[in-house]
Amino acid sequence: MRIGIGWDVHKLVKGRKLVLGGLNVPFKKGLAGYSDADVLVHAVIDSILGAVSEGDIGTHFPTGNPKYKNISSIKLLEKTASILRSGKYKISNIDSIVIAQEPRLSPYVDIMAANIAKALKISPKQVSVKSKTEDKLGYIGKGQAISAQAVCLVQKNN
């Protein structure tokens, strides 16, 4: 078994949709980024790539490459699943957390987990998504950004 960890943060800005876990979350701001800036999926991608020693999201999907401009991060996750399978690994489980002062995300975490599981072709029971605030501390607590962390446990296929 191998384990990987992922982390991402993006600034909140006006004029963008808020996409988290492949879901358009109703909110007055969205996340700035080259792709759809889905911090949750980006953290999951990095955790998977780290678990199989395949670099990070920037290695495989670099900012500045026109084919990734405004791309759905779920599509990047599907490509990451191919990397995982080519190394003959399978996911045991993913545990993740989104840190945002607002909007309230708990009503959406099951949908986010299901979206991630579908992209990876695994059971939703293998994906945990949680949400927390920063109790108004720091740049996230002041509503300037959203971050996410993920841990992925993988094992070799028999």
Side-chain angles (χ1 to χ4, degrees), residues 4-52 54-87 89-132 140 143-154:
I5 187 168
W7 176 84
D8 197 23
V9 63
H10 285 268
K11 181 179 179 178
L12 279 164
V13 295
K14 291 183 179 180
R16 296 258 311 190
K17 290 181 180 179
L18 178 58
V19 181
L20 294 169
L23 177 68
N24 287 331
V25 177
F27 193 55
K28 61 190 174 211
K29 293 181 181 178
L31 294 169
Y34 195 73
S35 66
D36 64 4
D38 187 331
V39 293
L40 175 56
V41 172
H42 293 183
V44 169
I45 289 170
D46 272 346
S47 72
I48 293 168
L49 293 172
V52 297
E54 283 290 337
D56 64 12
I57 192 170
T59 303
H60 294 274
F61 315 110
T63 298
N65 184 325
K67 70 180 177 180
Y68 303 124
K69 180 74 173 158
N70 295 319
I71 193 169
S72 164
S73 295
I74 288 290
K75 290 186 192 264
L76 302 180
L77 185 58
E78 290 168 350
K79 292 176 186 279
T80 302
S82 295
I83 295 167
L84 177 80
R85 286 189 293 273
S86 72
Y89 285 96
K90 64 181 178 180
I91 293 172
S92 294
N93 75 298
I94 295 169
D95 187 24
S96 63
I97 186 166
V98 182
I99 303 106
Q101 193 61 42
E102 58 177 344
R104 187 169 180 264
L105 298 174
S106 57
Y108 307 106
V109 295
D110 290 340
I111 298 167
M112 293 177 199
N115 289 345
I116 291 167
K118 181 179 179 185
L120 294 169
K121 297 181 181 168
I122 61 176
S123 166
K125 296 221 180 259
Q126 291 173 269
V127 181
S128 169
V129 176
K130 301 175 295 294
S131 63
K132 299 288 181 196
I140 293 172
Q144 298 170 343
I146 293 177
S147 73
Q149 300 173 20
V151 177
C152 179
L153 183 66
V154 300

Colleague: Return the minimal non-hydrogen interatomic distance between Val109 and Val129, and the atom names on each side.
Modeller: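 Heavy atoms of Val109 and Val129 come nearest at CB-O, 3.4 Å.
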
Colleague: Verify side chain to side chain contact (heavy atoms under 4.5 Å, CB included) between Asp38 and Leu31, making sure each step is shown before the conclusion.
Modeller: CA-CA 7 Å; Asp38 187 331; Leu31 294 169; over 6 Å; no

Colleague: Donor-acceptor pair, Arg16 side chain versus Ala32 backbone, under 3.5 Å?
Modeller: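 A pair under 3.5 Å: no.
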
Colleague: Tell me every residue that passes side-chain hydrogen bond (donor to acceptor under 3.5 Å, both in side chains) with Thr59, counting only those two or more places apart in sequence or in another chain.
Modeller: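 Listed in chain order: Asp56.
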
Colleague: Give the intermediate values and the outcome of side chain to side chain contact (heavy atoms under 4.5 Å, CB included) for residues Ile83 and His60.
Modeller: CA-CA 10 Å; Ile83 295 167; His60 294 274; 3.5 Å; yes

Colleague: Any chance you could lay out the side chain to side chain contact (heavy atoms under 4.5 Å, CB included) test for Gln144 and Leu12, step after step, and finish with the verdict?
Modeller: CA-CA 5 Å; Gln144 298 170 343; Leu12 279 164; over 6 Å; no

Colleague: Is there any salt bridge (Lys or Arg N to Asp or Glu O under 4.0 Å) pair reaching into residues 89-106, and which pairs are they, with sequence neighbours excluded?
Modeller: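 The answer is Lys28-Glu102, Asp95-Lys130.
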
Colleague: Partners of Tyr68 by ring-ring contact (aromatic ring centres under 6.0 Å, His included), sequence neighbours excluded?
Modeller: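 Partners of Tyr68 under the ring-ring contact (aromatic ring centres under 6.0 Å, His included) test: Phe61.
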
Colleague: Please give me the minimum heavy-atom distance between Asp46 and Trp7, naming the atom from each residue.
Modeller: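 In terms of heavy atoms, the two residues are closest at OD2-O, 4.1 Å.
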
Colleague: Kindly state each residue pair satisfying salt bridge (Lys or Arg N to Asp or Glu O under 4.0 Å) with at least one member in residues 59-80, sequence neighbours excluded.
Modeller: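 Qualifying pairs, neighbours excluded: none.
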
Colleague: Only counting residues at least two apart or in another chain, list the ones meeting side-chain hydrogen bond (donor to acceptor under 3.5 Å, both in side chains) with Ser35.
Modeller: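 By the side-chain hydrogen bond (donor to acceptor under 3.5 Å, both in side chains) rule, Ser35 matches His42.
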
Colleague: Atom CD1 in Ile57, atom CD1 in Ile45: separation rounded to 0.5 Å?
Modeller: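 The CD1 atom of Ile57 sits 4.0 Å away from the CD1 atom of Ile45.
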
Colleague: Determine the minimum heavy-atom distance between Ser47 and Cys152, stating which atoms define it.
Modeller: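 So the two residues come closest at OG-CB, 3.4 Å.
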
Colleague: What residues, two or more places apart in sequence or in another chain, satisfy side chain to side chain contact (heavy atoms under 4.5 Å, CB included) together with Ala51?
Modeller: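 Side chain to side chain contact (heavy atoms under 4.5 Å, CB included) list for Ala51, sorted by chain: Val154.
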
Colleague: Identify, with sequence neighbours excluded, every residue that meets side chain to side chain contact (heavy atoms under 4.5 Å, CB included) alongside Lys17.
Modeller: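 If we apply the side chain to side chain contact (heavy atoms under 4.5 Å, CB included) test to Lys17, skipping adjacent residues, the hits are Val19, Asn24.
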
Colleague: How long is the gap from OG on Ser147 to CG on Asp8, to the nearest 0.5 Å?
Modeller: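 Spacing of OG (Ser147) from CG (Asp8) equals 8.5 Å.
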
Colleague: Just to verify, what does Ala114 make a side chain to side chain contact (heavy atoms under 4.5 Å, CB included) with, not counting sequence neighbours?
Modeller: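 Ala114 satisfies side chain to side chain contact (heavy atoms under 4.5 Å, CB included) with no residue once adjacent residues are dropped.
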
Colleague: Does Leu105 reach the side chain of Met112, with side-chain heavy atoms less than 4.5 Å apart?
Modeller: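 Of all side-chain heavy-atom pairs linking Met112 with Leu105, at least one is under 4.5 Å.
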
Colleague: Compile the donor-acceptor pairs under 3.5 Å between side chains in residues 115-123 and protein atoms, sequence neighbours left out, one pair per line.
Modeller:
{"unit_1": "Asn115", "atom_1": "ND2", "unit_2": "Gly21", "atom_2": "O", "d": "3.0"}
{"unit_1": "Ser123", "atom_1": "OG", "unit_2": "Lys125", "atom_2": "N", "d": "3.0"}

Colleague: Once side chain to side chain contact (heavy atoms under 4.5 Å, CB included) is applied, do any residues pair with Asn93, and if so which ones, sequence neighbours excluded?
Modeller: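 Asn93 satisfies side chain to side chain contact (heavy atoms under 4.5 Å, CB included) with Leu153 once adjacent residues are dropped.
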
Colleague: Does Val39 reach the side chain of Leu20, with side-chain heavy atoms less than 4.5 Å apart?
Modeller: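 Val39 reaches Leu20 side chain to side chain.
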
Colleague: I'd like to know if the side chain of Gln126 and the backbone of Ser92 have a donor-acceptor N/O pair within less than 3.5 Å.
Modeller: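 It does hold such a pair.
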
Colleague: Got a second to check how far Leu84's CG is from Tyr89's OH, nearest 0.5 Å?
Modeller: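 These two atoms lie 9.0 Å from each other.
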
Colleague: Does the side chain to side chain contact (heavy atoms under 4.5 Å, CB included) test come out yes or no for Leu18 and Ile146, once each step is laid out?
Modeller: CA-CA 10 Å; Leu18 178 58; Ile146 293 177; 3.9 Å; yes

Colleague: For the residue pair Asp36 and Ser72, what are the closest heavy atoms and their distance?
Modeller: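 Distance-wise, the nearest heavy atoms are OD2-CA, 3.4 Å.
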
Colleague: Ser96 and Leu40: which non-hydrogen atoms are nearest, and at how many Å?
Modeller: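 Minimum heavy-atom separation between Ser96 and Leu40: OG-CD1, 3.6 Å.
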
Colleague: Between Val25 and Pro103, what is the shortest heavy-atom contact and its length?
Modeller: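 Of all heavy-atom pairs spanning Val25 and Pro103, the closest is CG1-CG, 4.0 Å.
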
Colleague: Ile99 versus Gln149: any side-chain heavy-atom pair under 4.5 Å?
Modeller: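 Contact flag for Ile99/Gln149 side chains = yes.
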
